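For reference, the structure is listed below as structure tokens.
Source: prediction; values computed, not measured. A note on names: the letters A, B, ... follow the listed sequences, proteins ahead of strands, and every chain is numbered from 1.
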Number of protein chains: 4
Amino acid sequence: MATRRPRTAPRKRPTQERAVATVDAILQAAAYILVRHGWDGFTTNRVAERAGVNIASLYQYFPNKEALVVELQRRHVAKSRVGMRGAVDVLRAQPSLPVMLRWVVEAAVAEHRVAPELHRVFTEELPRSARAAPDVSDAEVERFWMRVLEPFAREVPDLALAAFVLRVTLHAVIHEAACARPELLDRPEFIDDVVVLLDRYLRREPAPRRARGRARTA
Amino acid sequence: MATRRPRTAPRKRPTQERAVATVDAILQAAAYILVRHGWDGFTTNRVAERAGVNIASLYQYFPNKEALVVELQRRHVAKSRVGMRGAVDVLRAQPSLPVMLRWVVEAAVAEHRVAPELHRVFTEELPRSARAAPDVSDAEVERFWMRVLEPFAREVPDLALAAFVLRVTLHAVIHEAACARPELLDRPEFIDDVVVLLDRYLRREPAPRRARGRARTA
Amino acid sequence: MATRRPRTAPRKRPTQERAVATVDAILQAAAYILVRHGWDGFTTNRVAERAGVNIASLYQYFPNKEALVVELQRRHVAKSRVGMRGAVDVLRAQPSLPVMLRWVVEAAVAEHRVAPELHRVFTEELPRSARAAPDVSDAEVERFWMRVLEPFAREVPDLALAAFVLRVTLHAVIHEAACARPELLDRPEFIDDVVVLLDRYLRREPAPRRARGRARTA
Amino acid sequence: MATRRPRTAPRKRPTQERAVATVDAILQAAAYILVRHGWDGFTTNRVAERAGVNIASLYQYFPNKEALVVELQRRHVAKSRVGMRGAVDVLRAQPSLPVMLRWVVEAAVAEHRVAPELHRVFTEELPRSARAAPDVSDAEVERFWMRVLEPFAREVPDLALAAFVLRVTLHAVIHEAACARPELLDRPEFIDDVVVLLDRYLRREPAPRRARGRARTA
DNA sequence: AATGAATGAGAGTTCATTCAT
DNA sequence: GATGAATGAACTCTCATTCAT
């Protein structure tokens with residue numbers, strides 16, 4: 001509600017090789033400072049100093065502090081989304097629900113492994129002005145889920161609601177694990193459990209016949 | 001990793017009546033500024049001005065900026081936790097799982113209704129240095145859940161893991177709803193759905209007998 | 001045409017004696033720096049340093065650099081206008097034209113003696129953004145002249161035009177003298193000459209030899 | 001008093017055709033920026049960008065920012081003075097005073113029509129460091145006037161003073177009109193009036209009724 | 001002749017915080 | 001207990017100018 005968002009589009013594309021290196025150094029330094037000192041300690045001077053470039057060079061490529069972080073997020077997301085691509089393809093093929101969920105959960109976990117600390121700062125500290133507009137909106141994600149789930153979630157009374165719950169839950173559990181209990185990401189039981197959580201939520205009954213209704217065995 | 005956390009304990013308890021009023025005015029102004037301008041726009045001078053007190057008075061009661069926000073969080077949590085008390089008592093009585101869950105979910109929803117915008121800033125913008133140490137740690141909450149769930153979650157292979165998933169999911173879904181889709185909090189289907197989500201996750205089998213296996217009907 | 005004018009109203013009135021002294025020191029330093037280094041060399045840090053106060057103190061009383069200069073102009077004008085008051089009263093009494101003119105010229109000269117160098121910077125170097133809106137507009141001055149001259153300037157074909165010429169000439173000659181030939185201000189012949197210039201311009205007749213002694217008809 | 005004036009002589013004459021075009025583009029852009037953004041907004045980077053040339057190219061022809069503006073003034077004056085040449089020739093022929101004055105006034109008006117906005121910036125905003133040394137000094141102009149007026153201004157007690165007043169008045173009235181009331185320049189009455197002003201000032205007699213129509217004696 | 005890249009120096013401005021009354 | 005005044009330390013961002021190609 002507060003301050004108007006300043007323009008964050010990069011100022012000038014580096015064309016020479018040297019300049020590309022400069023921009024990379026700046027962004028790498030920015031990531032470091034952001035993780036190390038948080039948004040409050042993220043000052044352009046610090047970034048420039050750490051990058052070993054003059055502060056004015058920084059401003060030749062980024063119009064302001066926010067733009068730096070936005071570009072950082074853009075690149076982070078680009079890297080993170082790689083695994084999600086494959087999962088989305090699987091979803092389109094519509095195998096069984098547990099199989100689909102497993103793919104997505106694993107993609108989400110992979111996503112969170114990329115740079116968990118950076119991810120944490122992005123989600124937990126940035127003011128609105130420094131948040132990158134997401135390339136895919138939550139609403140779009142939910143619509144996508146609705147289409148995918150439609151054949152499977154016959155027993156779900158409100159599909160839109162379920163899509164919302166699904167999106168939030170999926171992300172929250174993995175995000176929190178990545179931030180607070182990173183070791184969980186490596187345990188197969190964790191992934192299994194998340195799949196179970198979502199699978200049972202969506203396919204409400206008749207419940208899996210057998211005692212250990214794991215997604216794996218379904 | 002970041003900067004060392006400064007002491008945030010309030011500086012001196014106001015004893016006279018006038019002083020109590022001063023402190024209240026300061027905190028109210030602080031909440032307003034925080035919601036309105038975000039953490040970045042939250043400056044002690046602004047707070048003092050809005051509160052109508054001199055900046056030096058502010059520093060007589062709060063040793064620094066962070067302390068202000070910490071106290072704000074303390075009071076917010078105190079208000080929020082009221083409903084949770086009752087729920088905890090119910091849990092101790094150990095009725096059926098869905099009943100227990102419904103109580104907790106409803107308490108959590110009530111909690112998020114208290115001051116959603118303030119809540120959002122607390123969770124999404126504060127730097128570590130301004131975050132209040134929670135009065136109950138996540139680990140404690142999870143241990144509590146383990147004790148509570150023990151009789152019900154027989155089919156759950158890893159109770160500690162389940163407690164983690166439960167805690168995170170419960171909070172995330174309601175928190176996100178409160179922040180992004182506040183109207184959801186008023187829909188009974190929403191609460192129902194969250195109960196279903198958790199109930200089916202914890203009681204993995206045999207599944208509810210009938211077609212619309214809502215918690216409500218269990 | 002360029003940049004929008006920033007707000008230049010002073011930020012906060014000093015109430016304690018100490019603060020009044022601070023503000024005075026700042027303004028005095030500002031005048032010094034402005035005269036010494038011109039608008040381009042007029043930096044708030046320099047001013048604060050010269051005034052012996054912290055830069056933040058400066059900003060507590062003036063919202064920005066321009067405001068400082070605007071206040072300087074305000075005070076300068078206030079001082080300068082003192083003599084003009086008397087002259088205006090004389091004009092209202094409507095003695096003979098030369099007498100009136102002499103009063104005004106002398107007041108204008110006095111005005112330009114106040115702080116000629118400062119005056120020069122004000123008129124010759126300030127960007128629009130730092131120019132104080134005049135308390136009396138040129139148009140108003142001209143309207144005043146028209147009223148005053150009406151009984152005397154019977155032979156003047158276009159009184160509005162004459163008021164414009166009068167205003168500009170009067171100011172320019174004295175201003176230029178003050179800036180480039182300050183010694184002129186002390187010579188009575190100078191004042192006499194300016195009076196002659198304006199008097200003969202306004203009282204055109206009996207014109208030299210012919211009625212409408214226009215160059216054209218000469 | 002201010003900062004030492006840096007050398008402003010152009011750095012190197014463009015010899016190739018391409019280079020001439022470059023210099024012209026730079027100067028044209030400079031004029032645009034100066035008029036549009038004022039001296040304060042006049043930055044070499046902006047000029048280079050607008051000119052479509054690299055900043056380094058700009059510095060190949062101009063040693064610094066001031067030099068740019070100085071060259072701009074040089075060219076402006078060259079263009080402006082064209083009409084004045086003719087007038088000067090007329091003056092040398094010594095026709096009647098009103099005729100001479102009319103020529104000069106008209107030349108001055110034409111001069112001010114060339115690029116009034118640029119002219120305004122030159123006279124009202126440039127710091128000393130960026131002001132071009134005039135090719136003809138004020139003193140020279142005044143000496144010239146003295147020679148010209150000598151046969152006509154017999155009644156003028158101090159010819160040097162009159163030359164000063166004449167020079168200043170002539171310029172100021174037309175300059176102010178050009179800046180603040182441009183429509184005046186097109187009205188013949190305006191020119192007439194200025195001629196009358198100067199003519200009557202210089203040819204004092206036969207004075208209106210009395211010999212030395214001084215205010216003093218009135 | 002021309003350009004992309006780089007930079008030292010500094011400008012304006014804010015802020016958390018303390019002191020003196 | 002409360003206030004007006006004051007300040008050290010940064011911070012963001014710009015600019016004139018130069019270097020390497």
With under 30° as parallel and over 60° as perpendicular, where do the rings of D/His119 and D/His76 fit, or are they tilted in between?
tilted

Round to a whole Å and report the spacing from [atom1] of [X] to [atom2] of [N].
| X | N | atom1 | atom2 | answer |
| --- | --- | --- | --- | --- |
| A/Arg13 | E/dA5 | CZ | P | 12 Å |
| A/Phe42 | F/dT12 | CZ | C1' | 12 Å |
| D/Asn54 | F/dA20 | CG | P | 16 Å |
| C/Leu58 | F/dT7 | CG | P | 11 Å |
| A/Tyr59 | E/dA11 | OH | P | 17 Å |
| C/Gln60 | F/dG8 | CD | P | 13 Å |
| C/Lys12 | F/dA6 | NZ | C1' | 9 Å |
| A/Arg11 | E/dG4 | CZ | P | 17 Å |

Do A/Asn45 side-chain and F/dA10 base share a donor-acceptor contact under 3.5 Å?
no

Under 4.0 Å, heavy atoms only, any strand: does [X] hit a base, just the sugar-phosphate, or nothing?
| X | value |
| --- | --- |
| B/Ser57 | base |
| A/Thr43 | sugar-phosphate |
| B/Arg46 | nothing |
| C/Ala19 | sugar-phosphate |

Pairing partner (Watson-Crick or G-U wobble, both distances under 3.5 angstrom) of F/dA10
E/dT13

Determine which nucleotide pairs with E/dT21, using a 3.5 Å limit on both distances of a Watson-Crick or G-U wobble pair.
F/dA2

Donor-acceptor pair, distance only, cut-off 3.5 Å: does the side chain of C/Lys79 make one with the backbone of C/Ala115?
no

Between the main-chain N or O of B/Ala132 and the side-chain N or O of B/Gln73, is there a donor-acceptor pair closer than 3.5 Å?
yes

Within 45° cone of C/Tyr32 ring axis and under 6.0 Å: C/Arg50 NZ or CZ:
yes

Could you check whether C/Glu125 pairs with C/Arg120 (Lys NZ or Arg NE/NH1/NH2 to Asp/Glu carboxylate O, under 4.0 Å)?
yes

Result for 5'-nearest mapping on DNA chain F, choosing between B/Ile55 and D/Lys65, is B/Ile55

